[in-house]
Amino acid sequence: MKGFQDIREQELIERARGGDRGAMESIYRSYSGYLNAVCSRYVTDGDEARDVLQESFIRIFSSLDKFEYRGEGSLKGWMSKIVVNRSLKLLRSHKRSLTLAGADIPDVEDDSNPGFDGVPEKVIMDMIRSLPEGYRTVFNLHVLEDLPHKEIGRLLGIKENSSASQYLRARAILAKQITEYKKTHC
């Protein structure tokens, strides 16, 4: 049985497909905050993130005829994919490598996990946003989008092993930051 939210969301989608600006505005108001957060996981420059979000909503509204409603959360998931893809397109357009080399990046030492207990979500997100671009991108795609390294490599134009290596280094950096945070704040 469909809930009220499902019916309302489906109705909004149908109205927006028909060009109803009020329905589009309602969808924008309902999801723009969440989609902005998704975008900012990849694009840390505020102006660029706003541009990506705007481009994403243009793509969303122009592609609604291709969207197939599959129940609660399907619209949010579909729109999130568009935002992630637009974010990755921007990162690729920077024409700089999403791989990093350098002595300042720590080697992976062990598989210890300091845990997130006692660390506010905003602090964790700030830590992730502070990662070097390549590491942050791979970490987000693997952890938050649940993509395998083979798919990440294909999306970013890097080798699967490079994706796995960047993920492990991102985890090591985050583990160190969390440990340091806990020493001073917990």
Side-chain angles (χ1 to χ4, degrees), residues 27 31-45 48-60 62-64 66-102 105-116 119 121-178:
I27 290 171
Y31 294 102
S32 62
Y34 172 77
L35 295 175
N36 185 57
V38 170
C39 182
S40 70
R41 292 192 312 235
Y42 298 92
V43 181
T44 57
D45 178 86
E48 287 184 332
R50 281 186 289 281
D51 288 346
V52 168
L53 188 62
Q54 181 178 350
E55 291 171 15
S56 296
F57 269 105
I58 290 169
R59 173 65 57 101
I60 287 165
S62 67
S63 302
L64 270 176
K66 298 174 184 148
F67 171 69
E68 183 181 326
Y69 189 80
R70 295 187 176 148
E72 187 177 344
S74 62
L75 179 63
K76 185 177 185 179
W78 179 74
M79 291 190 302
S80 295
K81 278 189 164 190
I82 290 173
V83 170
V84 168
N85 287 334
R86 300 306 291 183
S87 298
L88 294 178
K89 182 178 179 184
L90 173 78
L91 295 177
R92 286 189 299 263
S93 76
H94 286 164
K95 292 193 167 84
R96 58 182 188 250
S97 176
L98 288 175
T99 60
L100 296 171
I105 305 299
D107 287 325
V108 178
E109 294 172 8
D110 62 15
D111 199 26
S112 65
N113 182 358
F116 297 114
V119 183
E121 183 178 340
K122 182 186 180 331
V123 171
I124 293 168
M125 293 310 292
D126 287 345
M127 288 176 184
I128 293 170
R129 286 176 50 93
S130 75
L131 289 170
E133 186 175 270
Y135 294 178
R136 180 181 66 248
T137 303
V138 169
F139 183 85
N140 284 326
L141 288 171
H142 187 65
V143 173
L144 303 174
E145 308 303 330
D146 199 28
L147 294 179
H149 291 295
K150 185 173 185 171
E151 177 67 10
I152 294 168
R154 186 189 67 73
L155 283 171
L156 301 180
I158 61 175
K159 294 181 180 178
E160 180 178 351
N161 290 346
S162 179
S163 173
S165 173
Q166 288 186 60
Y167 167 71
L168 289 175
R169 288 176 183 248
R171 264 188 46 183
I173 292 168
L174 289 172
K176 183 177 178 183
Q177 290 176 334
I178 290 168

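Predicted, not measured: the structure shown is a model, and the values here were computed from it.
- Taking CG from D51 and CD from E55, the interatomic distance works out to 6.0 Å, rounded to the nearest 0.5 Å.
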Show your working on side chain to side chain contact (heavy atoms under 4.5 Å, CB included) between V84 and L144 and close with a plain yes or no.
CA-CA 11 Å; V84 168; L144 303 174; over 6 Å; no

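- Across all their heavy atoms, E133 and L91 have their closest contact at OE1-CD2, 3.4 Å.
- Within the model, atoms CD1 of I82 and SG of C39 stand 13.0 Å from one another, a figure rounded to the nearest 0.5 Å.
- Taking every heavy atom of both residues into account, L75 and Y31 meet most closely at CD2-CE1, 3.9 Å.
- Judged by distance alone, the side chain of S62 and the main-chain N or O of R59 form a donor-acceptor pair under 3.5 Å.
- Taking CG from L131 and CZ from R171, the interatomic distance works out to 13.0 Å, rounded to the nearest 0.5 Å.
- The backbone N or O of F57 sits nowhere less than 3.5 Å from a side-chain atom of R86 that would complete a donor-acceptor pair.
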Report the C-alpha separation of M125 and I128 in whole Å, then their side-chain angles, then the decisive distance to 0.1 Å, and conclude whether the side chain to side chain contact (heavy atoms under 4.5 Å, CB included) test is met.
CA-CA 5 Å; M125 293 310 292; I128 293 170; 4.2 Å; yes

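- Checked by atom type and distance alone, the side chain of R136 pairs as donor or acceptor with a backbone atom of Y42 at under 3.5 Å.
- Using a 4.5 Å cut-off on side-chain heavy atoms (C-beta onward), Q177 and S130 make contact.
- If you take CG on L168 and OH on Y135, they are separated by 10.5 Å, rounding to the nearest 0.5 Å.
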One pair to check against side chain to side chain donor-acceptor pair (under 3.5 Å): Q166 and S162. What are the steps and the verdict?
CA-CA 6 Å; Q166 288 186 60; S162 179; 3.2 Å; yes

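- Relative orientation of the Y167 and F139 rings is parallel, given thresholds of 30° and 60° on the angle between their planes.
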Checking E151 against E145 for the side chain to side chain contact (heavy atoms under 4.5 Å, CB included) test, could you report, in this order, the C-alpha distance in whole Å, the side-chain angles of both residues, the deciding distance, and whether it holds?
CA-CA 11 Å; E151 177 67 10; E145 308 303 330; over 6 Å; no

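- A distance of 13.0 Å separates CG in L155 from NZ in K150, rounded to the nearest 0.5 Å.
- Scanning both residues, R92 and N85, for their nearest heavy atoms gives NH2-O, 4.5 Å.
- Closest non-hydrogen pair, S87 versus V52, comes out as OG-CG1, 3.6 Å.
- For the residue pair V83 and L35, the shortest heavy atom distance occurs at CG1-O, 3.7 Å.
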How far apart are the C-alpha atoms of H142 and S163, what are their side-chain angles, what is the distance that settles it, and do they pass the side chain to side chain contact (heavy atoms under 4.5 Å, CB included) test?
CA-CA 9 Å; H142 187 65; S163 173; over 6 Å; no

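- The minimum heavy-atom distance linking I173 with P132 is given by the pair CD1-CD, 4.4 Å.
- In this structure, CE in M79 is found 9.5 Å from OG in S74, a value given to the nearest 0.5 Å.
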